[in-house]
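The shown structure was predicted, so the numbers you read here are calculated from the model rather than taken from an experiment. Counting begins at 1 with the first residue of the sequence. For ligands, and for the atoms within them, numbers begin at 1 and follow the listed sequence.
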Amino acid sequence: MDKKLKNFIFVLNCGSSSIKFAILNPDSKKTYLSGLVEYLFLPDTCITWKYLDKKYKQIIGSNINHKFALDFIIEKILLKQKDILKNIVGIGHRVVHGGIKIKKSVLIDENVLTHIQDAALFAPLHNPANLIGIKIVMEKYPILSKKNVAVFDTSFYKDMPETSFLYAIPYNFYEKYRIRRYGAHGISHNYVAREACTVLNKKFHSLNIITCHLGNGSSISGICNGVCVDTSMGFTPLEGLVMGTRSGDIDPSIIFFMHKQLNMSINEIEEVLTKKSGLLGLSGVSNDFRYFEKNYHLKKEAKRSVDIFCHRLAKYIAAYTSLMENRLDAVVFTGGIGENVPLVRKLTFSKLLLLGFKINSELNLSMIGGKSGLITEVYSRPVFVISTNEELLIAQETLNIIKT
Ligand code: ADP
């Protein structure tokens, strides 16, 4: 490790069923330590981490909660790396929802904690988990750093025009209850858009781009003159594209039908639309895209699911070109599916020939496993695969805040 490097940031992304963590240097963009706890509250909660290019894996118990897992991360891993520890200048916490009050990254104090708690109304699965992480680190481990910064996914959508964020329901639902579109995945869309600026040699404020984050959750954002002007996730992450287990867009009348004709309770309907729909619901088999890639030409349920996934995605990309003012600089694919599945890129853009997109097969096939680059013909509108790095953006934001 370069001993001269300082300004390490500990990044913590405390999710509802997993915890991601990393220690990076935002100046050199180097990640020194990164890891993931999976299967919280399930049998065999597992931690994997990488330190200076060496990988480790361990089962840390069964039905493990956030607190136990965080204690493990900090006491068994972090506190042992004394050379890194003494250079940590701040901690960056990913927070999914900033609510209606917080529009940008902030140093965390009591007031901010209250706002994050209030915003849990809009992100009931995510914000409480984010808060657990923040509180444990701040209260139990001030030794790591006293400077804790919250970086919000919703910040990226703060300048979205009301033509995009309002639903066509009585205005009073917005005024009184703040029912509107908030978006999600903002940190990832922001990161890949900024990376695209470097590749395209453009300033962010003049960037016109469509970014597609395709993972287990999927969303698409339209960015015009450096401002996100629309995004597919709405009041919650349920709206928009077809996802792993979420339905994305449906006619809301289906909910009335399920309730009134099928006698399903609201909780049962919520469970179907958030946990049993999307690729899992369509195929009846899996929400893991590796299954669909392998079986696309073999099993009709796999083909059906992928075709619907790509049809919806192509429709959104086409619609979002209408948000660009006379120029579209590029489309970017990122996330587990966006970065690893050439089949999705091929099928999606085969529906968009009219808009001037033509995928180069060889480039498309080669862009997998974290590689970033162009996948279109020279005469095509450019499409890039860009590997996302939300931790790096959180670390950069954190350093900016604690420097000011
Ligand atoms: P999230 O962060 O939303 O949980 P990810 O961005 O990690 O999701 O993406 C998860 C999805 O990406 C899963 O459907 C997974 O199957 C798919 N995926 C990841 N790696 C690959 C791969 N090498 N080939 C095919 N699909 C992949």
Side-chain angles (χ1 to χ4, degrees), residues 11-22 34-40 42 46 48 50 94 96 123 125-126 129-130 153 183-192 211-221 231-233 236-248 274-283 285-299 301-303 305-306 308-310 312-313 332-348 364-372 375 385-394:
V11 174
L12 189 60
N13 179 353
C14 216
S16 51
S17 59
S18 68
I19 300 175
K20 280 188 193 158
F21 59 97
S34 61
L36 170 69
V37 178
E38 290 177 286
Y39 312 117
L40 290 172
L42 290 171
C46 169
T48 45
K50 197 169 145 190
R94 193 234 190 104
V96 165
L125 288 182
H126 296 99
N130 302 153
D153 276 286
H185 287 152
I187 295 170
S188 178
H189 287 285
N190 192 357
Y191 176 81
V192 294
T211 51
C212 308
H213 178 105
L214 311 175
N216 208 15
S218 292
S219 65
I220 171 167
S221 289
T231 193
S232 59
M233 283 180 167
T236 72
L238 188 52
E239 189 180 345
L241 301 175
V242 175
M243 306 183 216
T245 61
R246 297 188 197 118
S247 63
T274 56
K275 301 212 175 108
K276 295 182 177 166
S277 293
L279 295 166
L280 177 64
L282 284 166
S283 67
V285 179
S286 176
N287 62 325
D288 187 330
F289 226 92
R290 279 166 273 234
Y291 164 82
F292 296 97
E293 211 181 10
K294 208 166 123 206
N295 292 295
Y296 182 75
H297 296 289
L298 303 174
K299 300 201 167 141
E301 64 273 13
K303 182 173 186 318
S305 312
V306 174
I308 296 170
F309 182 95
C310 296
R312 176 96 48 97
L313 179 58
V332 173
F333 270 41
T334 192
I337 299 169
E339 293 173 31
N340 290 300
V341 189
L343 176 69
V344 164
R345 302 181 307 225
K346 182 178 103 177
L347 293 173
T348 304
N364 187 29
L365 288 172
S366 71
M367 225 55 79
I368 50 170
K371 280 198 215 132
S372 296
I375 56 163
V385 173
I386 297 182
S387 179
T388 195
N389 189 343
E390 290 158 296
E391 286 72 28
L392 179 55
L393 191 120
I394 295 169

**Item:** Proximal ligand 1 atoms for Asn287, defined as those under 4.0 Å from one of its heavy atoms
**Value:** 14 (O)
**Message:** Checking the side chain of Asn190 only, and the main-chain atoms of Gly186 only, is there a donor and an acceptor separated by less than 3.5 Å?
**Reply:** no
**Request:** For side chain to side chain contact (heavy atoms under 4.5 Å, CB included), just list the numbers for Phe309 and Phe289, CA-CA rounded to whole Å, side-chain angles, deciding distance to a tenth of an Å, and then say yes or no.
**Result:** CA-CA 11 Å; Phe309 182 95; Phe289 226 92; 4.3 Å; yes
**Prompt:** Taking non-hydrogen atoms only, is Glu293 closer than 4.0 angstrom to ligand 1 via side chain, backbone, both or neither?
**Reply:** side chain
**Prompt:** Any nitrogen or oxygen of Asp288, main chain or side chain, under 3.5 Å from a nitrogen or oxygen of ligand 1?
**Reply:** yes
**Asked** Nearest non-hydrogen atom to atom 19 (C) of ligand 1 belongs to which of Gly335, Gly336, Gly369?
**Response** Gly336
**Message:** As an exercise, identify every atom of ligand 1 less than 4.0 angstrom from a heavy atom of Val341.
**Reply:** 25 (C), 26 (N)
**Test side-chain hydrogen bond (donor to acceptor under 3.5 Å, both in side chains) applied to Asp153 and His189, His126, Arg94, the passing residue** = Arg94
**Request:** Could you tell me whether Asn216 and ligand 1 have an N or O pair separated by under 3.5 Å?
**Result:** yes
**Request:** Measure from the side-chain N and O atoms of Thr211 to the backbone N and O of Val332, and report whether any donor-acceptor pair falls under 3.5 Å.
**Result:** no
**Prompt:** Using a distance-only test with no angle check, is there a side-chain donor-acceptor pair under 3.5 angstrom linking Glu390 and Ser188?
**Reply:** no
**Asked** Is there any N or O on Gly217 that sits under 3.5 Å from an N or O of ligand 1?
**Response** yes
**Item:** Protein non-hydrogen atom found under 4.0 Å from atom 7 (O) of ligand 1
**Value:** no
**Asked** Checking Arg345 side chain against Met367 main chain: does a donor-acceptor pair fall under 3.5 Å?
**Response** yes
**Request:** State, yes or no, whether a side-chain contact exists between Pro342 and Glu293 at a heavy-atom distance under 4.5 Å.
**Result:** yes
**Message:** For atom 14 (O) of ligand 1, what's the nearest protein heavy-atom neighbour? Residue, atom name and distance, please.
**Reply:** Phe289 N, 3.2 Å
**Complete:** for atom 20 (N) of ligand 1, nearest protein heavy atom and its distance come out as Asn340 ND2, 3.4 Å
**Request:** Using distance alone, determine whether Gly215 and ligand 1 share an N or O pair under 3.5 Å.
**Result:** no
**Item:** Identity and distance of the protein heavy atom lying nearest atom 2 (O) of ligand 1
**Value:** Lys20 NZ, 4.4 Å
**Asked** Which heavy atom of Asn130 sits nearest a heavy atom of Cys14, and at what distance?
**Response** ND2-O, 2.8 Å
